[in-house]
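So the structure is just underneath, and the comments pick up after that.
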Protein chains: 2
Amino acid sequence: MMQRTTTDGARAPRADAQRNRDRILGAAEQYFSEHGVTGSLDAIAKRAGVGAGTLYRHFPNRESLLAALLAARDDALVARRDDLRSGSVNAADALDGWLDAITAWAGAFDGLPEPLRAATATSSSPLAMTCQGFITTTEEFLRAAQDDGGARRDVRARDLFLAALARSWVRGAALADDASAAALAELTRNGWATTSAARAGDGR
Amino acid sequence: MMQRTTTDGARAPRADAQRNRDRILGAAEQYFSEHGVTGSLDAIAKRAGVGAGTLYRHFPNRESLLAALLAARDDALVARRDDLRSGSVNAADALDGWLDAITAWAGAFDGLPEPLRAATATSSSPLAMTCQGFITTTEEFLRAAQDDGGARRDVRARDLFLAALARSWVRGAALADDASAAALAELTRNGWATTSAARAGDGR
DNA sequence: AACGATACGGAGACACTCTCCGCTAGATCG
DNA sequence: CGATCTAGCGGAGAGTGTCTCCGTATCGTT
């Protein structure tokens, strides 16, 4: 019998490898939830019942582990995007909803915004692709809102993405009570949305 | 001869202690500038030519070292505050200038916004007092701008402070080119300003 | 059953934080 | 100017975490 191959010609993964990978992801999900994204990787390996070497072979560094973890959640965000695309009467509301979704997503684990920001900068991290994708989606929503007259023309999607990340980052501060979260959400929306006289001034 | 005492009766610090303290601060300033605020404390001790114990006696943890470092810069920020208080025609511009000053201040070292945010949350850190002071000042500027009709009434000083910190945090991302910094500045201002005052005058 | 290929595990090298305590060297007093 | 008292020094080392290396176990195939 021929060995099973993946579509791109690589050999199928060994059964135990797949099992370990899943265990690690499960343990990591749990551990990061409890201790934030800076929790000990060795502790995750131990919790998963594998050696440190196994963990690092599957995920060479913290970022790639994080990326794998987030990949599982991508679906939810993509679904949200589709919901917003089809279900919103108002392009500005859709953009707003999308930015909220990103903010929530970036708050999945304590301390997550930091590596996400770093990834957005380096573009050579496993997280970078994910971020880039979401920036692109943000671009679509933004353009629609702009064409609709609901968003200022001098705003860039990348900056809105960063602002969403930043909101999530601030939220990590215990001080940022719920009121702060809401306040910053509104602050941000006021920042990009057009109001009656939307003649944006020159930025000085 | 009487021993020199400080005003509150404590004994004057020993000469070498003072010298070492200064050396540590100098080395830390340099090291943090080069490596960001997460740089190795032991390396700072070595660069300062003192033992690790000496460093930790003077500054029990990273935050207190940071706080001492920032205290030296407080003067500049206070001066800026006074400038803005007296020299601004427009209360909104003054607030804007103050928030810019805070953003710049929080960007003194790479990674500084993170401990500042944490300090703002815990209120039991040496950095917390500094932050609290600046929030209070922000409150003054904000109130003036609100009374002047230049800032929305539903904005809180604390949130503006956090937003300034967040801007500084985003700036740490290499991706955040200069355009992003300016864009976020404007985004923020549009967020809190009333529409009539949204257009920045000579905000400096 | 036998044999590669693949993956496992955990010891250990290295880095960093922070403490402990014997000793040094300022400060003060006679 | 010693003598003495003690604040302050330094660095070894314990604890924790990251990440690698390689002998060994296991999988999948023939």
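Order of the sequence lines sets the chain letters (A, B, ...), proteins ahead of strands, with each chain counted from 1.
- There is no side-chain donor-acceptor pair under 3.5 Å between B/T120 and B/R158.
- Among the nucleotides C/dG9, C/dC18, D/dG10, the one closest to the side chain of B/L41 is C/dC18.
- Under the 3.5 Å distance criterion, with hydrogens and angles disregarded, no donor-acceptor pair is assigned to the side chains of A/W98 and A/T137.
- For B/Q30 and B/R47, the side-chain atoms include at least one donor-acceptor pair closer than 3.5 Å.
- A donor-acceptor pair under 3.5 Å links the side-chain atoms of B/R62 to the main chain of B/V37, judged by distance alone.
- Residue B/Y56 contributes atom OH, which lies 14 Å from atom C1' of D/dA14 at whole-angstrom precision.
- For the side chain to side chain contact (heavy atoms under 4.5 Å, CB included) criterion with A/L116, the lone passing option out of A/L66, A/T130, A/L70 is A/L70.
- Remark: side-chain polar atoms of B/S123 are not paired, donor with acceptor, to backbone N or O of B/A119 under 3.5 angstrom.
- With no hydrogens or angles considered, no side-chain donor-acceptor pair links A/T54 and A/N20 at under 3.5 Å.
- Looking at heavy-atom distances under 4.0 Å, B/A52 makes contact with a base.
- Side-chain N/O atoms of B/T54 include none lying less than 4.0 angstrom from OP1 or OP2 on D/dG8.
- The separation between B/I44 atom CD1 and D/dG11 atom C1' is 18 Å, rounded to whole Å.
- Side-chain nitrogen and oxygen atoms of B/H58 include none within less than 4.0 Å of the OP1 or OP2 phosphate oxygen of D/dG8.
- Rounded to whole angstrom, the span from the CG atom of A/D42 across to the P atom of D/dT16 amounts to 13 Å.
- Residues from residues 16-26 of chain A placing a heavy atom under 4.0 Å of any atom in DNA chain C, listed by number, are A/D16, A/A17, A/N20.
- Nucleotide D/dC9 holds its P atom 6 Å from the CZ atom of B/R14, rounded to whole Å.
- The interatomic distance linking A/F59 (CZ) with D/dT20 (P) rounds to 15 Å, in whole Å.
- Regarding B/L55, its CG atom lies at a distance of 13 Å from the C1' atom of C/dT19, rounded to whole Å.
- Mapping A/R57 and A/T38 onto DNA chain D by nearest heavy atom places A/T38 at the nucleotide closer to the 5' end.
- Whole-Å rounding puts the B/L65 CG to C/dT17 P distance at 11 Å.
- Counting non-hydrogen atoms under 4.0 angstrom, A/S40 reaches the backbone sugars and phosphates but no base.
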